[in-house]
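Written below as structure tokens is the structure these notes are about.
Every chain is numbered from 1 and lettered A, B, ... according to where its sequence line falls, protein lines coming before strand lines. What you see is a predicted model; the values in this text were computed from it and never measured.
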There are 2 protein chains.
Amino acid sequence: MEEPSNEFALRAEQALRRSGGRITRRRRALLELLGSQRTPLGPRQLHRELLRRGARIDLVSVYRNVSALLALGLLHRVVGSSAVRPCREARARCHHAIVCSACGRAREFHSRALERALSEVRRATGFRVEEHVLELRGRCPRCRRSRLCRRRQSRSGGARSIGGSGR
Amino acid sequence: MEEPSNEFALRAEQALRRSGGRITRRRRALLELLGSQRTPLGPRQLHRELLRRGARIDLVSVYRNVSALLALGLLHRVVGSSAVRPCREARARCHHAIVCSACGRAREFHSRALERALSEVRRATGFRVEEHVLELRGRCPRCRRSRLCRRRQSRSGGARSIGGSGR
DNA sequence: ACGTTTTTGCAACACCGTTGCAACTACGGC
DNA sequence: GCCGTAGTTGCAACGGTGTTGCAAAAACGT
Ligand SMILES: [Mn+2]
Ligand SMILES: [Mn+2]
Ligand SMILES: [Zn+2]
Ligand SMILES: [Zn+2]
């Protein structure tokens, strides 16, 4: 059996084993891919990439594995999308993501000031906060310099126009 | 012609007119519903409620109207859901939502400290932040007291189990 | 190697939101 | 009020996404 080539794949295999799972060739291929990818991908994209790399795996299996990994907290889902990315910041500390709108790379960050602000909100609203979603989008330092950055997918769909001249 | 019964419906009709739209019976019914509702509803739920109230409208029209209202900035979408809620805080000031996990009511809030924290993140990560998603979930003050609060829908689906004994 | 348990592929399916098109309706102008 | 134009609606068909049942295949402890 091959050794996991990246740190994420290793952690994931351990976690899967611990929870009674098994390590199959396809699962390993998926873990390798997830761990090596710097930009979040959805099940479909993951599947395409796996096929391109010569792995034989069904899309359903990708879905099932992604679900399992999400449930184990090994992956995060990008807000408002089906794309996932490996959890980088190891432990339970509250952290959030910032995604580059140009190159698509995601980075996790942690902010003490943010946590303080959130507890201020807690006080101000009287809510007992159970969870929160926070994700930023913007241009990463690299992409701010070079504008030679591969464009990523456009913003979310929908946007029906009023006043029918909007063909 | 009827006068809009709530403040949201009024604002929305004006905005629609301004953008070249027309006010139909069905559209008005939808606006009334949206403006009177305190908890976010998705297109399907809106449609059901409209039928229950005796309005004759197709689900597709609800979708189209909701899209249009979102595009005009009159509605907000609840993060990770198709439910929408009227924009309460009138102007372009940055504001966010907090949703009660018990009764489902949504409230908008504004936090100076939060904005400061976000610009700190901007500095720390080197990203030029273009947009952000922030939404909180927790128990509202009312629901913290009475536990006689109608339960809302459970958390998001998915969650595939590892180690097949999870039937 | 063997038996048990998990994983996988396949096909069918449920669900959600979108689109083309023809009929209908609002509304400004007369 | 009637008319013409432009926006809106319903219907049916469609595409995409993620899920499920089931039987075959693979993993792994012994
Ligand atoms: Mn993480
Ligand atoms: Mn608002
Ligand atoms: Zn970038
Ligand atoms: Zn509540």
Side-chain angles (χ1 to χ4, degrees), chain A residues 1-2 12-31 41-48 50-51 55-72 77-78 80-84 153 156-167, chain B residues 1-2 12-31 41-48 50-51 55-72 77-78 80-84 153 156-167:
Chain A
M1 273 288 143
E2 296 284 325
E13 287 197 15
Q14 294 170 343
L16 283 168
R17 282 226 163 77
R18 238 179 296 125
S19 66
R22 296 176 185 178
I23 306 304
T24 67
R25 184 192 308 281
R26 300 151 210 256
R27 197 166 255 187
R28 173 158 292 159
L30 177 59
L31 295 180
L41 298 178
R44 248 101 187 165
Q45 295 171 292
L46 291 167
H47 182 232
R48 247 191 315 119
L50 285 171
L51 294 187
R56 212 167 8 278
I57 185 173
D58 192 86
L59 176 59
V60 178
S61 295
V62 177
Y63 273 110
R64 292 198 264 230
N65 279 311
V66 166
S67 289
L69 294 169
L70 281 167
L72 288 174
R77 200 189 284 282
V78 172
S81 135
S82 63
V84 293
Q153 70 275 14
S156 56
R160 176 159 197 87
S161 66
I162 310 268
S165 21
R167 270 285 86 188
Chain B
M1 277 283 146
E2 294 284 324
E13 287 198 13
Q14 293 170 343
L16 283 168
R17 282 226 162 78
R18 238 179 296 124
S19 66
R22 297 178 184 177
I23 306 305
T24 66
R25 184 194 309 279
R26 297 148 213 257
R27 195 166 256 187
R28 173 158 292 159
L30 177 59
L31 295 179
L41 297 178
R44 247 99 185 165
Q45 295 171 292
L46 290 167
H47 183 232
R48 248 194 312 119
L50 285 171
L51 293 187
R56 210 165 13 274
I57 185 175
D58 192 86
L59 175 59
V60 178
S61 294
V62 176
Y63 273 109
R64 291 198 264 228
N65 279 309
V66 165
S67 289
L69 294 169
L70 281 167
L72 288 174
R77 200 189 286 280
V78 172
S81 133
S82 63
V84 293
Q153 70 274 14
S156 55
R160 173 159 200 86
S161 66
I162 311 270
S165 21
R167 270 285 84 190

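- One atom, CG of Leu16(A), and another, P of dA26(D), lie 20 Å apart when rounded to the nearest Å.
- The side chain of Arg26(B) lies closest to dG10(D), out of dG10(D), dG9(C), dT8(D).
- As a whole-Å value, the separation of Asn65(B) CG from dT8(D) C1' is 8 Å.
- The 5' end of DNA chain D is approached more closely, in terms of each residue's nearest nucleotide, by Gly21(B) than by the other of Gly21(A) and Gly21(B).
- In the set dT18(C), dC10(C), dG18(D), the nucleotide with an atom closest to the side chain of Tyr63(B) is dT18(C).
- At the phosphate of dG9(C), OP1 or OP2 sits under 4.0 Å from a side-chain N or O atom of Ser61(A).
- Put simply, Arg64(A) has no side-chain N or O that comes within less than 4.0 Å of OP1 or OP2 on dT8(C).
- In this structure, the CG atom of Leu72(A) is 14 Å from the C1' atom of dT6(C), given to the nearest Å.
- Nearest nucleotide to the Arg22(A) side chain, out of dA12(D), dA27(D), dT9(D): dA27(D).
- Contact detail for Pro43(A) and Ser82(A): the closest heavy-atom pair is CD-O, 3.5 Å.
- Separating the CZ atom of Arg17(B) from the C1' atom of dC27(C) is a distance of 9 Å, rounded to the nearest angstrom.
- When the nucleotides dA6(D), dT7(C), dG9(C) are ranked by their closest atom to the side chain of Arg27(A), dT7(C) comes out on top.
- For the atom pair CG (Leu51(B)) and CZ (Arg56(B)), the distance works out to 9.5 Å, reported to the nearest 0.5 Å.
- Direction change of the helix axis from one end of the helix from dA1(C)-dT30(D) to dC30(C)-dG1(D) to the other is 40°, with five pairs defining each end axis (rounded to 10°).
- Where Thr24(B) and Pro43(B) each meet DNA chain C at their nearest nucleotide, the meeting point lying more 5' is that of Pro43(B).
- The side-chain heavy atoms of Leu16(B) and Leu31(B), taken from C-beta on, include a pair separated by under 4.5 Å.
- Atoms CZ and CD1, on Arg22(A) and Ile162(B) in that order, are 12.0 Å from each other to the nearest 0.5 Å.
- Atom CG in Leu70(B) sits about 13 Å away from atom C1' in dG17(C), given to the nearest Å.
- One finds a side-chain N or O of Ser82(A) lying less than 4.0 angstrom from the OP1 or OP2 phosphate oxygen of dG18(D).
- Put simply, NE2 on His47(B) and CD1 on Ile57(B) are 6.5 Å apart, with the number rounded to the nearest 0.5 Å.
- Separating the CZ atom of Arg44(A) from the P atom of dT17(D) is a distance of 5 Å, rounded to the nearest angstrom.
- Rounded to whole angstrom, the span from the CG atom of Asp58(A) across to the P atom of dG18(D) amounts to 14 Å.
- No engagement by Leu59(B) is indicated, since no non-hydrogen atom pair under 4.0 Å with the nucleic acid exists.
- Across Asp58(B) and Val60(B), no two heavy atoms sit closer than the pair OD2-N, 2.8 Å.
- In terms of the side-chain hydrogen bond (donor to acceptor under 3.5 Å, both in side chains) criterion, Arg48(B) has no residue partners (sequence neighbours excluded).
- We find that CD1 of Ile23(A) is positioned 9 Å from P of dT7(C), with the value rounded to whole Å.
- Between the side chain of Arg27(B) and the main chain of Asn65(B), no donor-acceptor pair closer than 3.5 Å is present.
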